Number of protein chains: 2
Amino acid sequence: MTTTSPTQLTILSACCSPAEPAVADESAEALASLFKALADPARVKIMSMLLNADEVCACDIATAIGKSQATASHHLGLLRKAGLVTGDKRGTWVYYRAIPERLASISAALTTDL
Amino acid sequence: MTTTSPTQLTILSACCSPAEPAVADESAEALASLFKALADPARVKIMSMLLNADEVCACDIATAIGKSQATASHHLGLLRKAGLVTGDKRGTWVYYRAIPERLASISAALTTDL
DNA sequence: CGCATGTTTCGACGTTCATCAAAGCAGAAC
DNA sequence: GTTCTGCTTTGATGAACGTCGAAACATGCG
């Protein structure tokens with residue numbers, strides 16, 4: 001309860017049950033970080049590309065999302081830091097792949113953990 | 001391909017297949033908006049509370065997330081606008097409920113659509 | 001009526017974010 | 001070696017976000 005406990009003295013309405021914090025603080029932060037990594041149309045499109053092609057050259061991503069190459073690289077770096085994709089440099093080009101297990105874990109958290 | 005098509009004249013590396021945009025622009029925006037609605041620890045905790053209690057008084061949420069009441073109201077309004085929760089005023093207090101179907105649709109989008 | 005309490009909205013402040021131009025790096029081809 | 005090309009990083013800028021205090025709104029009680 002916050003300011004006053006209504007149940008005790010007022011006749012009307014019980015307000016609520018104690019109401020638990022539910023999920024742990026750290027878990028909430030971790031999940032929020034993952035959601036933040038997907039909270040941009042450009043990054044959603046990138047993930048979609050990667051999931052459907054299982055390997056995409058960085059040079060194609062910029063044009064596919066309609067942004068500059070620098071911006072594309074920024075988004076890719078962000079997704080990489082979130083553990084959602086991996087990129088390996090082969091010769092001149094960098095090829096990116098999605099990590100489907102990571103997405104699956106988000107999906108699972110949404111339906112069960114949370 | 002972006003600037004130059006490597007396949008034609010250089011001997012090494014084919015760069016990649018054409019690489020399609022995959023998901024539609026509007027879908028990407030819609031999904032990103034939903035993720036943005038969950039991209040904050042406070043809102044994740046709120047959703048968790050609501051899913052586990054199926055009805056929580058607004059007065060409990062502020063303390064549960066450790067923020068001021070004004071901030072809690074802001075987050076709740078944001079979640080409501082995203083269609084993730086509903087709140088109805090009964091007498092003095094406002095009771096919030098999660099909309100599980102909405103979360104399920106996000107989960108489904110992650111595993112199939114995307 | 002007026003007063004007290006729960007909730008939302010408003011205004012402001014500091015932080016974070018998306019974006020691009022330009023500079024810096026790393027390979028490949030000459 | 002130099003030069004070219006793809007990618008990343010840096011710097012800067014404008015927008016969006018989270019946060020809170022204060023004001024406004026709504027409702028119940030006396």
Side-chain angles (χ1 to χ4, degrees), chain A residues 1-16 19 28-29 32-33 35-46 56-63 65-82 85 87-96, chain B residues 1-16 19 28-29 32-33 35-46 56-63 65-82 85 87-96:
Chain A
M1 313 291 175
T2 34
T3 44
T4 55
S5 325
T7 28
Q8 304 308 87
L9 295 175
T10 61
I11 308 99
L12 183 51
S13 64
C15 176
C16 42
E29 291 229 22
S33 301
F35 288 132
K36 202 175 297 185
L38 293 170
D40 188 283
R43 293 196 290 272
V44 170
K45 283 193 239 176
I46 291 176
V56 176
C57 172
C59 65
D60 288 334
I61 293 180
T63 58
I65 65 176
K67 298 286 159 63
S68 81
Q69 192 169 225
T71 301
S73 181
H74 165 246
H75 286 305
L76 284 167
L78 216 152
L79 288 172
R80 206 184 322 139
K81 183 177 292 184
V85 308
D88 67 321
K89 186 169 201 166
R90 289 207 297 278
T92 309
W93 290 283
V94 178
Y95 296 87
Y96 279 92
Chain B
M1 314 292 176
T2 33
T3 43
T4 54
S5 325
T7 29
Q8 305 308 89
L9 296 174
T10 61
I11 308 99
L12 183 50
S13 64
C15 176
C16 42
E29 291 229 22
S33 302
F35 287 130
K36 200 175 299 185
L38 293 170
D40 187 283
R43 294 196 289 271
V44 170
K45 281 193 239 175
I46 291 176
V56 176
C57 173
C59 64
D60 288 334
I61 294 179
T63 58
I65 66 176
K67 299 287 160 62
S68 80
Q69 196 166 23
T71 301
S73 182
H74 166 246
H75 286 306
L76 285 168
L78 216 152
L79 287 172
R80 208 184 320 140
K81 185 177 292 185
V85 308
D88 67 322
K89 186 169 202 166
R90 290 208 296 277
T92 309
W93 290 284
V94 178
Y95 297 88
Y96 279 92

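So you know, we letter chains A, B, ... as the sequences are listed, proteins then strands, and number each from 1. If you're wondering where the values come from, they're calculated on a predicted model, not measured in any experiment.
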Those residues that, when tested against A:His74, pass side chain to side chain donor-acceptor pair (under 3.5 Å) (two or more places apart): none

Sorted by chain and residue number, the side-chain contact (heavy atoms from CB on, under 4.5 Å) partners of A:Lys36 (sequence neighbours excluded) come out as B:Ala39

Step by step, work out the side chain to side chain contact (heavy atoms under 4.5 Å, CB included) result for A:Arg80 and A:Tyr96. CA-CA 9 Å; A:Arg80 206 184 322 139; A:Tyr96 279 92; 2.8 Å; yes

Rounding to a whole Å, what distance do you find between B:Leu79:CG and D:dC17:P? 13 Å

Separation of C:dT19 C1' from A:Ile65 CD1 (nearest whole Å): 11 Å

Nearest-0.5 Å distance, CG of residue A:Asp60 to CD1 of residue A:Ile65: 11.5 Å

Which whole-number value in Å describes the distance from A:Trp93 CH2 to D:dT8 C1'? 17 Å

List for me each residue that meets side-chain contact (heavy atoms from CB on, under 4.5 Å) alongside A:Ser73, sequence neighbours excluded, and say none if there are none. none

Nearest-0.5 Å distance, CD of residue A:Gln69 to SG of residue A:Cys59: 8.0 Å

Once rounded to the nearest 0.5 Å, what's the spacing between atom CG of B:Leu38 and atom CG of B:Leu79? 7.0 Å

CG of A:Leu38 versus P of C:dC17: gap in Å, rounded? 14 Å

Atom pair distance, as rounded to whole Å: CD1 in A:Ile61 and P in D:dC7: 9 Å

Dump every N/O contact between nucleotides 19-23 of chain D and the protein below 3.5 Å, one line per pair.
unit_1, atom_1, unit_2, atom_2, d
D:dT19, OP1, B:Lys67, NZ, 2.5
D:dT19, OP2, B:His75, NE2, 2.6
D:dC20, OP2, B:Ser68, N, 3.0
D:dC20, OP2, B:Ser68, OG, 3.3
D:dC20, OP2, B:Thr71, OG1, 2.7

Taken in chain and number order and not counting sequence neighbours, the residues that satisfy side chain to side chain donor-acceptor pair (under 3.5 Å) with B:Ser33 are none

Looking only at atom types and distance, does a side-chain atom of A:Arg43 sit under 3.5 Å from a main-chain N or O of A:Ala37, one as donor and one as acceptor? yes

What is the separation between atom CZ on A:Arg90 and atom C1' on D:dG6, rounded to the nearest whole Å? 15 Å

B:Arg43 side-chain proximity, nearest of D:dG6, D:dG18, C:dT7: D:dG18

Between A:Lys36 and B:Lys89, whichever has its closest DNA chain C nucleotide further toward 5' is B:Lys89

Could you check how far OH of B:Tyr95 sits from P of D:dT27, rounded to whole Å? 14 Å

Degree of bending, the helix from C:dC1-D:dG30 to C:dC30-D:dG1 (end axes from five pairs; round to 10°): 10°

Does A:Tyr96 put a side-chain nitrogen or oxygen below 4.0 Å from OP1 or OP2 of D:dG6? no

Separation of atom CG in B:Leu76 from atom P in D:dC17, rounded to whole Å: 17 Å

